[in-house]
Number of protein chains: 2
Amino acid sequence: MASTISTKRPSRRAGAASELSREAVVEHALELADREGLDAVGIRRIAADFQVTPMAMYWHVRNKDELLQAMGDALFENLEVPPSDGDWLDQIRAAVTAVVDALRRHPGAVELAFGRILTSPRGLQLTEQSLGALRGAGFTVREAADLARQALQTAVMLVSGRPGAELSTPEPERAAMTEAKHAALAALPVEEFPNLVACANALTDCEDERAYYGAGVDLYVAGVKELFARRRPERP
Amino acid sequence: MASTISTKRPSRRAGAASELSREAVVEHALELADREGLDAVGIRRIAADFQVTPMAMYWHVRNKDELLQAMGDALFENLEVPPSDGDWLDQIRAAVTAVVDALRRHPGAVELAFGRILTSPRGLQLTEQSLGALRGAGFTVREAADLARQALQTAVMLVSGRPGAELSTPEPERAAMTEAKHAALAALPVEEFPNLVACANALTDCEDERAYYGAGVDLYVAGVKELFARRRPERP
DNA sequence: ACCTGAACACCGTTCAAGT
DNA sequence: ACCTGAACACCGTTCAAGT
């Protein structure tokens with residue numbers, strides 16, 4: 001009480017960011033989503049983290065929906081668009097891998113990526129490339145469009161569905177949540193569910209992230225390759 | 001005012017369901033999610049639809065979270081588990097198709113399926129079968145687990161990501177939303193994005209649902225087949 | 001067993017006002 | 001340009017009380 005030195009804004013709040021600005025808000029919201037789930041992201045909560053009244057937020061962001069959109073767009077800003085040369089199938093693999101790598105940085109916000117791929121500049125660029133590669137290989141417009149969409153969705157799916165991710169549960173309880181799921185599977189009657197019991201661990205823990213994402217991308221690429229091989233040649 | 005005949009509960013409310021019960025609530029919530037998006041599903045809203053006070057809901061459901069879980073579980077109740085005979089790859093195709101068909105009935109609630117696959121009886125049964133088929137074919141525990149997970153996620157992804165679905169936007173504006181997305185792509189500079197412009201229609205409208213889901217499942221199955229072919233034989 | 005009334009803490013958002 | 005104060009409509013949820 002007596003010693004009110006210069007303790008004003010000690011270092012803001014637990015894990016809060018620099019000055020209030022649109023970019024800082026979005027960045028903080030992404031980290032918040034990673035730590036405590038997307039449900040924790042709110043106008044009032046973020047304002048509190050910045051030690052500012054809720055209304056101050058509305059200067060930097062039109063409303064909550066726009067904030068969520070901005071978060072989705074931000075995910076694609078660290079998307080590294082690969083060069084568009086070499087084998088078309090390698091281009092496809094590189095494209096999916098690039099999206100996975102971008103989304104992995106903020107797994108808690110990954111579902112926001114869904115609607116924003118075709119509005120963000122880099123997302124557009126990557127999709128354009130992928131469509132070109134697929135059409136160049138001989139796929140029809142319809143096929144190329146569906147395959148490109150599925151490529152991006154595969155990336156989203158791999159990140160959001162990673163074993164042991166538990167995106168919606170806040171950080172502290174996350175490990176317990178995963179453990180509970182594992183226990184539930186392991187406790188199943190072995191006669192009826194021998195495979196689930198045997199795979200209980202593999203289903204709830206991914207162990208090696210690199211291998212997990214690699215295998216996921218491989219499956220998609222292998223599928224595209226196989227479908228390509230089945231195509232009847234255009235002209236003999 | 002004068003003629004207060006027996007106009008009590010004319011036919012409840014616009015699209016409301018029979019008597020209040022847990023099943024009726026869940027069923028109504030699923031339809032509501034389909035029509036107006038998952039955000040429209042709430043305790044107070046559903047109570048109003050049943051012409052009942054919000055607190056009445058808590059007799060049939062512990063809280064909102066449990067309601068959402070129940071909705072997820074309900075999705076798997078109309079899952080038709082296919083017979084587990086015949087070629088293992090056909091079993092896998094049948095399994096993915098079965099999940100897609102189940103989820104398609106309530107696209108608005110499809111994201112609730114994510115966490116509930118391995119808690120619902122039929123989801124467990126189908127996963128057990130699929131794991132058995134994959135391991136029987138020679139995949140390791142790790143591989144089988146990842147492939148099975150990806151199978152279910154593929155189903156979720158196909159339904160939730162269908163071109164022209166726009167799950168989060170309420171029914172009335174949905175068509176306009178899809179049209180807006182299409183227009184945005186078609187208006188892109190042709191020199192820079194020739195493929196996006198050419199595929200604008202295919203990317204925003206799926207035209208034939210049967211073909212769309214068929215192609216999506218095909219891609220997954222083709223991938224599994226290709227990965228199987230690459231496996232080094234166990235013993236010569 | 002099933003539902004209501006009143007109340008609480010918590011949202012997002014608006015509008016006028018401050019500096 | 002950037003932020004606050006006060007207020008509004010709307011959530012989910014609890015608890016005691018009704019029938």
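Just so it is clear: chains get the letters A, B, ... in the order the sequence lines come, proteins before strands, and each one is counted from 1. Atoms considered below: every heavy atom in the structure, side chains included; atoms not considered: hydrogens, waters and symmetry mates.
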Let me spell it out: for each of Asn63(B) and Ala56(A), pick the nucleotide of DNA chain D with the closest heavy atom. Which residue's pick is nearer the 5' end?
Ala56(A)
Give the minimum heavy-atom separation between Asp34(A) and Pro107(A), together with the two atoms involved.
OD1-N, 3.3 Å
Taking all non-hydrogen atoms of both residues into account, name the closest pair between Tyr212(A) and Leu158(A) and its distance.
OH-O, 2.9 Å
Residues Glu77(B), Arg105(B): salt bridge by 4.0 Å N-O rule
no
Spacing of Ile43(B) atom CD1 relative to dT14(D) atom C1', expressed in whole Å:
13 Å
Hey, is the main chain of Val81(B) close enough, under 3.5 Å, to the side chain of Gln125(B) for a donor-acceptor pair?
no
Quick check on dA1(C): is either OP1 or OP2 less than 4.0 Å from any side-chain nitrogen or oxygen of His60(B)?
no
Counterpart base for dC11(D), defined by Watson-Crick or G-U wobble contacts under 3.5 Å:
none
Give the rounded distance in Å between these two atoms: CH2 of Trp59(B) and P of dA1(C).
6 Å
Atom OH of Tyr58(B) and atom C1' of dA1(C) are separated, to the nearest Å, by 19 Å
From CG of Leu20(A) over to C1' of dT4(D), roughly how many Å is that when rounded to an integer?
13 Å
Return the value, rounded to whole Å, for the distance between atom CG of Asp39(A) and atom C1' of dC11(C).
13 Å
Separation of dT13(C) P from Ile46(A) CD1 (nearest whole Å):
12 Å
Could you state the CZ-C1' distance from Phe50(B) to dT4(C), rounded to the nearest angstrom?
18 Å
Pick the nucleotide of DNA chain D nearest each of Thr53(A) and Arg44(A); which residue has the one closer to the 5' end?
Thr53(A)
Under 3.5 Å on both distances, the Watson-Crick or G-U partner of dA16(C):
dT4(D)
Here the pair of heavy atoms bringing Ala102(B) nearest to Leu75(B) is CB-O, 3.8 Å
What nucleotide, of dC3(C), dT14(D), dT4(D), holds the atom closest to the side chain of Met55(B)?
dT14(D)
Output the rounded distance in Å from NZ (Lys64(A)) to P (dT14(C)).
14 Å
